[in-house]
Amino acid sequence: MAEVDKDKLYQFLLRMGDNTLILGHRVSEWCGHSPVLEEDIALANTALDLIGQTQMWLGYAGEVQGEGKSADDLAFLRDAWDFRNVLLVELPNGDFGRTMMRQFLYDAWSSIMLGHLQKSTDERIAAIAAKASKEAAYHVERSSGTVVGLGDGTEESHNRMQAALDYLWPYVGEMFASDEIDLAMAAAGIAPDPANLRDEYDALVGRVLDEATLAIPAGNYVHKGGRDGRMHTEHLGHLLCEMQWLQRAYPGCEW
Amino acid sequence: MAEVDKDKLYQFLLRMGDNTLILGHRVSEWCGHSPVLEEDIALANTALDLIGQTQMWLGYAGEVQGEGKSADDLAFLRDAWDFRNVLLVELPNGDFGRTMMRQFLYDAWSSIMLGHLQKSTDERIAAIAAKASKEAAYHVERSSGTVVGLGDGTEESHNRMQAALDYLWPYVGEMFASDEIDLAMAAAGIAPDPANLRDEYDALVGRVLDEATLAIPAGNYVHKGGRDGRMHTEHLGHLLCEMQWLQRAYPGCEW
Amino acid sequence: SPEEQHFQDKIDNDVKIEPKDWMPEDYRRTLIRQIGQHAHSEVVGQLPEGNWITRAPTLERKAILLAKVQDEAGHGLYLYSAAETLGVSRDELIELLHEGKMKYSSIFNYPTLNWADIGAVGWLVDGAAIINQVALQRTSYGPYSRAMIRICKEESFHARQGYSAIMKMAFGTPEQKKMAQDAVNRLWFPALMMFGPSDKDSVHSEQSMAWKIKVKTNDELRQQFVDQTVPQIDYLGLERPDPTIKWNEERGHYDFAMPDWDEFFNVIKGNGPCNADRMENRRKAWEDGAWVREGLLEHARKKAARKVAAE
Amino acid sequence: SPEEQHFQDKIDNDVKIEPKDWMPEDYRRTLIRQIGQHAHSEVVGQLPEGNWITRAPTLERKAILLAKVQDEAGHGLYLYSAAETLGVSRDELIELLHEGKMKYSSIFNYPTLNWADIGAVGWLVDGAAIINQVALQRTSYGPYSRAMIRICKEESFHARQGYSAIMKMAFGTPEQKKMAQDAVNRLWFPALMMFGPSDKDSVHSEQSMAWKIKVKTNDELRQQFVDQTVPQIDYLGLERPDPTIKWNEERGHYDFAMPDWDEFFNVIKGNGPCNADRMENRRKAWEDGAWVREGLLEHARKKAARKVAAE
């Protein structure tokens, strides 16, 4: 493995782990409230996989950082501005359609990204990706199925899915934004330059949305600011109030 | 003023202050989301009055407790089980109808209670009540007007107000539950026995609901557990996550 | 009738009744009620635990809780399937629940108020459920019995995890220990209520015992729960939530106080601390999800039609 | 025409135009647009501050913030009333807003992300607003001018409170200071945008100046804001959010960098960080409240009818 700036690697790992942490949290909010029992099970399962991935990503991030922090420390004791997830995953669930569309847009990226990361020069990352890839492949199969089913369902379900896509699409671009951290990872063979994944993504997403009879909205404005922490949405702070409550209110406990 | 157990007086003050704190918080959640601009103003004003009353009640509670705690310490650094508000005020806002019905049911109690407290043998309490009474009189005038307007409005508004009343009514009784704390306050002339306020309350509420063409639901089950802290609702914990976030995440700051 | 005789003979000889077998209408009705309630309990039971998923204090605790809630939804599925073998659809059962015509376990009408409640739910509530369910593995209706066997395995795992979670709390900081005590104090009597009224007041018991829909009496199961749980409370160093609990050498069992049955019947009637919220939540989920169920159904129809057209 | 001449004479002589006076259609239209946007800004402006009301760190801060938001809603009322004198109803204006046909100040499409943002909004955003509004006290349309006079008094109170709040942060713990810096960094350029595009790119400016709907140019007002604010930033011990800021002895003003006007026009077009959420919130509030407005209206009708019947 080529030499790489430790802080950049740490930032990269935060991006991976914060994505799964925050999305896993959002998905877990559905618990007991989904449209049908099979979906309660599937959503809990997705959240569970994402939290499991978080433990691996943030666990490794803590090691790389070298300040003795555990995955839990990173998850529960940072404030919003230190989170590095893309904005897409912190958006509120909205209706079931918006949740599943967000899941699909993320799963498509994640399955591609993890595929590449299996070939990472960093063995730890390759190992995490190998495990997470299997889950991601299952997730994207499931969420694309739901997007197709609801997009090509009734008029109402079609309209709701189109509205979800319209709302979420401006947040997709951030997953492919490259900065110096990405370039350093790419140079060291640790991770692909996200910009290079876009074609593969567009092909996958295009095929599914096509089958779902949904149209990618016009306009190419991209909302960014999550993966570099420059400007999260207002939603993240509220999410953290809940997520971090116990660790904040009772610091220093074992649970 | 007769001798009174300091801890009982402290508990009594918490009950008063936690009611206004939690209800003020709930009402403030409406900010910018109410049905019409005049209501945004009115709700903000109500919340503001209630927070002002909280400062007085909890400020005095801290003094009586004698551990050097400020009103802010009591508001932001206790966990759910230490709160002594009635369950009614911690219930979620629901629709605007439920919020205004809850407000009316509370305002009616509050205006009566504060009227009696103006004659408290405890001068501090009498002074707080004198100030708060004026606000409460205005609040109950306003909320009863809205309850009448919506109860005796369209069929939909009538049905929604009746549903709100059906949901909230089982929480009314707790405001009139007496325990040894209340009896000690009554014996010392500090506060009335809440049980003795019920007739006055029923007369006021009955008159307004009558005009609103709303029917008090049958069944006399009473939900309790807030004012003695035995069993709050699940809602209070979530409310505190938000309300106490900054004080918990950044302890020991001045704001 | 000879059918009835044959049916009762099978039961008496511990031969399982299967869906296609003849069975008395009352047996069918009683089973539908019992299995349906059991299924609803699994589904509604997601809510009090779900209440803490977003506040789980560590990633591992969150994962454990998610896995548990997922299992419970899965149990709901098995049980609705078992009920369907009796000729009632899942949607019909859900409708009855939402109309207030079917019940679910009264325990889920109590709130989860601190993190230790999550441990206590696993330990006490799942612990009580298992005692019921282990007995029900021998129930006379085949599909129900098989569902119970499957469910019991997972439940005992949950109960162990719950105990380990509350152990952390009981042996933790003073605040954590206080949470654990608070949880046990609040959940003890509701857990005892899970076995139903005393045998002398139990409406359905006698016939159910004869049909082996029930296998042990409410009071037998409750005693078993108390005997198993009191030493655990002691081990945790917590105060017993009922000061009258005392070992009775003669009986070889703990004596204990019965829960407040007035409260129990009030909860059953809908007056529990959370009944209104639980049902509001479930109804809203169902109504909000209508477009999803309809959309997916319509898609399946379209797909089938396209397949037919292509053949 | 003589009417036009008479109208322009009044303007030139600083005689206020009143609702019943003759006025050119374009003047009326421009005023409706400007006052309406201003009113919408007050209403939408409740949202970014409301975002922190439930998290205000002390009771006093919560009270101050509630009072401020209440004032803003009140300003919305005055301004809708001023617009109504021009023959457009509040409901019509709100409908235009919800359809995306009217705008509100682009600043409210930026998020409030930490508690210091609340101080910074009072100090920078209200500070910028006041500079606009002080100038507008001399605007030619009477009701608008009077609304501005009333509003300015309250706004300057808000700006002082905001500054005092951010002072606590800037002089507080390192984390608090970091919050203050973060807030200033994020809100500085959006605050500069509040004065609108540079004079050379401003579409409506020339005619508006002639009609004294505007009294100073965008760039004049922006310079005034910068000159007033930079010393405050320095006093707080915060880094200047724009490293090119520099005192220009010759001009007697600070030099500074213009905001990214591409970003500005994107926000105006609906692509700001919060546009979609703000409008979703406002539309939802309006739709959810329909039954309330209808109910109260119907009650008023009934009451009036009863009164007539009784007479």
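So you know, we letter chains A, B, ... as the sequences are listed, proteins then strands, and number each from 1. Bear in mind that the values here come from a model prediction, so they are computed numbers and not experimental data.
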- prompt: So, for D:Ala63 and B:Leu48, which heavy atoms are closest and what is the spacing to 0.1 Å?
  reply: O-CD1, 3.2 Å
task: Check whether B:Leu43 gets within reach of chain D through its side chain, its backbone, both or neither, counting any heavy atom under 4.5 Å.
output: neither
Interatomic distance, D:His75 atom NE2 to B:Leu37 atom CG [nearest 0.5 angstrom]: 11.5 Å
field: Gap separating the CD1 atom of B:Ile51 from the CD atom of D:Glu60, nearest 0.5 angstrom
entry: 12.5 Å
query: How close do B:Leu150 and D:Val292 get, heavy atom to heavy atom, and via which atoms?
result: CD2-O, 3.6 Å
task: Could you tell me which portion of B:Arg160 (side chain, backbone, both or neither) has an atom closer than 4.5 angstrom to a non-hydrogen atom of chain D?
output: side chain
- prompt: D:Arg282 side chain to B:Gly32 main-chain N or O, any donor-acceptor pair under 3.5 Å?
  reply: yes
- request: Go through B:Glu29, B:Glu155, B:His25, B:His158 and name the one with the most non-hydrogen pairs under 4.5 angstrom from chain D.
  value: B:His25
message: Give the interface residues of residues 130-144 of chain B toward chain D, defined by a heavy-atom separation under 4.5 Å.
response: none
message: Quick check on the interface: out of D:Lys284, D:Arg306, D:Glu49, D:Lys303, who has the most heavy-atom pairs with chain B under 4.5 Å?
response: D:Arg306
task: Measure D:Glu72 against the heavy atoms of chain B and call it side chain, backbone, both or neither at under 4.5 Å.
output: neither
Residue part contacting chain D, namely of B:Met161, when any heavy atom lies under 4.5 Å: side chain
field: D:Leu47, part contacting chain B, at a heavy-atom distance under 4.5 Å
entry: side chain
- prompt: Measuring heavy-atom distances to chain B, does D:Tyr80 have an atom under 4.5 Å in its side chain, in its backbone, in both, or in neither?
  reply: side chain
Residue part contacting chain D, namely of B:Ser28, when any heavy atom lies under 4.5 Å: both
statement: Assert top hit (heavy-atom pairs under 4.5 Å, partner chain D, pool B:Val148, B:Leu239, B:Leu21) equals B:Val148
message: Tell me which of these, B:Ala42, B:Ala44, B:Gly252, B:Gly52, has more heavy-atom pairs under 4.5 Å with chain D than the rest.
response: B:Ala44
- prompt: Using non-hydrogen atoms only, which part of D:Val69 is less than 4.5 Å away from chain B: side chain, backbone, both, or neither?
  reply: side chain
message: A side-chain contact here means heavy atoms from C-beta on lying under 4.5 Å apart; do D:Gln176 and B:Trp255 qualify?
response: yes
query: Between the side chains of B:Glu242 and D:Thr54, does any donor sit under 3.5 Å from an acceptor?
result: yes
Over 12 non-hydrogen atoms of neighbours within 6.0 angstrom of CZ in D:Arg283: yes
- request: Among D:Leu296, D:Ile53, D:Val43, D:Leu59, single out the residue with the greatest number of heavy-atom pairs under 4.5 Å to chain B.
  value: D:Leu59
- prompt: Okay, side chain of D:Arg55, backbone of B:Leu246: is any donor-acceptor separation there less than 3.5 Å?
  reply: no
field: Contacting moiety of D:Ala56, where chain B heavy atoms sit under 4.5 Å
entry: backbone
- prompt: Given a strict heavy-atom distance threshold of 4.5 Å, which part of D:Trp286 is in contact with chain B: side chain, backbone, both, or neither?
  reply: side chain
message: How about OH on B:Tyr250, more than 12 heavy atoms from neighbouring residues, nucleotides or ligands closer than 6.0 Å, or not?
response: yes
- prompt: Which distance, rounded to the nearest 0.5 Å, do you find between the SG of B:Cys253 and the CE of D:Met169?
  reply: 7.5 Å
message: Could you check whether atom OH of D:Tyr235 has more than 12 heavy atoms from other residues, nucleotides or ligands sitting under 6.0 Å from it?
response: no
Exercise: identify the closest heavy-atom pair between B:Cys31 and D:Gly50: SG-CA, 3.7 Å
- request: Please determine, among B:Glu38, B:Gln244, B:Arg26, the option with the most heavy-atom pairs under 4.5 Å with chain D.
  value: B:Glu38
- prompt: Which bit of D:Arg90 comes within less than 4.5 Å of chain B, counting heavy atoms only: side chain, backbone, both or neither?
  reply: side chain
- prompt: What are the two closest heavy atoms between B:Pro35 and D:Gly289, and how far apart are they?
  reply: CB-CA, 3.5 Å
- prompt: CG of B:Asn45 to CD of D:Gln70: how many Å apart, nearest 0.5 Å?
  reply: 4.5 Å
message: At a heavy-atom distance under 4.5 Å, which candidate from B:Ala47, B:Gly151, B:Gly149, B:Ser157 has the highest pair count against chain D?
response: B:Gly149
- prompt: How long is the gap from NZ on D:Lys302 to OG1 on B:Thr213, to the nearest 0.5 Å?
  reply: 6.5 Å
- prompt: Do B:Gln247 side-chain atoms and D:Pro57 backbone N/O form a donor-acceptor pair below 3.5 Å?
  reply: yes
query: Going by residue number, which parts of residues 70-95 of chain B are within reach of chain D, meaning a heavy-atom gap below 4.5 Å?
result: B:Ala71, B:Asp72, B:Ala75, B:Phe76, B:Asp95
message: For chain D, which candidate among B:His33, B:Met243, B:Glu156 shows the most heavy-atom pairs at distances under 4.5 Å?
response: B:His33
query: Heavy-atom count around D:Glu280 CD within 6.0 Å, excluding the residue itself: above 12?
result: yes
field: Segment of D:Met179 engaging chain B (4.5 angstrom heavy-atom cut-off)
entry: side chain
